[in-house]
Amino acid sequence: MDDGEELGPGLVAVFAALPDTRGRQGRRHSLPAILALATAAMLSGARSLYAIGQWGRLQSPDVLRGLGFTRSATPSVSTLHVVFRGLDVGAFERALSQWAQARAPNRPRLAIDGKGLRGIHGEELPGVRLVAAYCDEAGLVLAQKAGPDRHAGG
């Protein structure tokens, strides 16, 4: 998936309502453009901030404009880190879910999948159970919900 022109305007529109927690000084890229880039990169297989940054640098100016960028340069890894560190995750998930549901067919067939993610041993990061609703026709997870790890505490 590398056509930012198709994905971009819808992503930029749903991300426009999200609060930008970065200071006003030094902002080179809009929050909706950064989040649209990250979403398109992740849909293309990027799995790290470095990979998202690299994916952005490899895109044509037309794709970048489609994702909401007004400059030819894309965000650095440190900018991506600052954005994601301050992001309202719940609002982001709701906006992304709204975008994904708009791309799904009227009566989608959903697959429900559950999995457990282990916590990190030696640190205070517990595991979590995730349940996701996946729409095969759209190729997207339409909703995901987390709950406590059922193996927590032993």
Side-chain angles (χ1 to χ4, degrees), residues 1-104 108 110-111 113-120 123-147:
M1 170 151 329
D2 59 11
D3 190 357
E5 293 178 279
E6 177 187 330
L7 295 176
L11 285 170
V12 171
V14 298
F15 293 148
L18 297 179
D20 192 342
T21 60
R22 298 175 293 162
R24 289 201 187 280
Q25 189 173 11
R27 281 191 203 173
R28 292 191 176 117
H29 309 289
S30 73
L31 180 64
I34 293 171
L35 296 176
L37 173 102
T39 301
M42 291 172 60
L43 288 170
S44 298
R47 295 292 177 257
S48 69
L49 294 179
Y50 176 80
I52 292 168
Q54 183 69 22
W55 186 91
R57 285 189 293 283
L58 296 174
Q59 300 312 303
S60 72
D62 289 340
V63 170
L64 294 176
R65 272 192 300 280
L67 292 170
F69 286 91
T70 57
R71 300 169 182 254
S72 59
T74 55
S76 66
V77 172
S78 62
T79 297
L80 294 171
H81 175 78
V82 167
V83 166
F84 284 108
R85 186 184 64 213
L87 188 64
D88 179 339
V89 175
F92 174 73
E93 287 178 345
R94 287 187 296 279
L96 192 56
S97 179
Q98 175 187 352
W99 172 82
Q101 289 175 20
R103 295 181 57 84
L110 300 178
D113 181 37
K115 61 181 65 175
L117 302 175
R118 292 184 183 183
I120 297 175
E123 296 187 30
E124 306 245 341
L125 294 174
V128 67
R129 300 280 309 158
L130 296 175
V131 177
Y134 177 78
C135 175
D136 190 46
E137 293 95 343
L140 297 167
V141 172
L142 300 182
Q144 180 170 276
K145 197 75 171 157

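Everything numeric in this text was worked out from a predicted model, so none of it was measured.
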**Student:** Check V12 against A36 and note the closest heavy-atom contact, atom names and distance.
**Tutor:** CG2-CB, 4.0 Å

**Student:** Measuring only between side-chain heavy atoms, which start at C-beta, is W55 closer than 4.5 Å to L37?
**Tutor:**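 Yes, side chains in contact.
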
**Student:** Can you sort out the partners of S72 under side-chain hydrogen bond (donor to acceptor under 3.5 Å, both in side chains), two or more places apart, ordered by chain and number?
**Tutor:** none

**Student:** Nearest heavy-atom pair of G53 and L80: which atoms, and what distance?
**Tutor:** N-CD1, 3.7 Å

**Student:** Looking at Y50 and V77, what are the two nearest heavy atoms and their distance?
**Tutor:** CA-CG2, 3.8 Å

**Student:** Quick test of your reading: applying salt bridge (Lys or Arg N to Asp or Glu O under 4.0 Å), list the pairs with at least one residue in residues 39-52, sequence neighbours left out, ordered by first then second residue.
**Tutor:**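 Qualifying pairs: none.
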
**Student:** Atom OG1 of T74 and atom CD1 of I52: how far apart are they, to the nearest 0.5 Å?
**Tutor:** 11.5 Å

**Student:** Would you mind listing every salt bridge (Lys or Arg N to Asp or Glu O under 4.0 Å) that reaches into residues 65-83, with sequence neighbours excluded?
**Tutor:** D62-R65

**Student:** Drop me the distance from F92's CZ to T39's OG1, to the nearest 0.5 angstrom.
**Tutor:** 4.0 Å

**Student:** Applying side-chain contact (heavy atoms from CB on, under 4.5 Å), name anything that partners A51, two or more places apart in sequence or on another chain.
**Tutor:** A46, S48

**Student:** Give me the atom names and distance for the closest heavy-atom approach of W99 to G10.
**Tutor:** CD1-C, 3.6 Å

**Student:** Strictly by side chain to side chain donor-acceptor pair (under 3.5 Å), give each pair with a member in residues 77-96 just once, sequence neighbours left out.
**Tutor:** S76-S78, S76-T79

**Student:** Let me know which of L67, L11, L87, L96 forms a side chain to side chain contact (heavy atoms under 4.5 Å, CB included) with L35.
**Tutor:** L87

**Student:** Mind jotting down which residue pairs meet the salt bridge (Lys or Arg N to Asp or Glu O under 4.0 Å) criterion with at least one end in residues 25-43? Sequence neighbours excluded, please.
**Tutor:**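 Qualifying pairs: D20-R27.
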
**Student:** Do P75 and V83 touch side chain to side chain, with heavy atoms closer than 4.5 Å?
**Tutor:**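 Answer no - side chains too far apart.
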
**Student:** What closest approach, in Å, do T21 and G86 show between heavy atoms, and which atom pair accounts for it?
**Tutor:** OG1-O, 3.1 Å

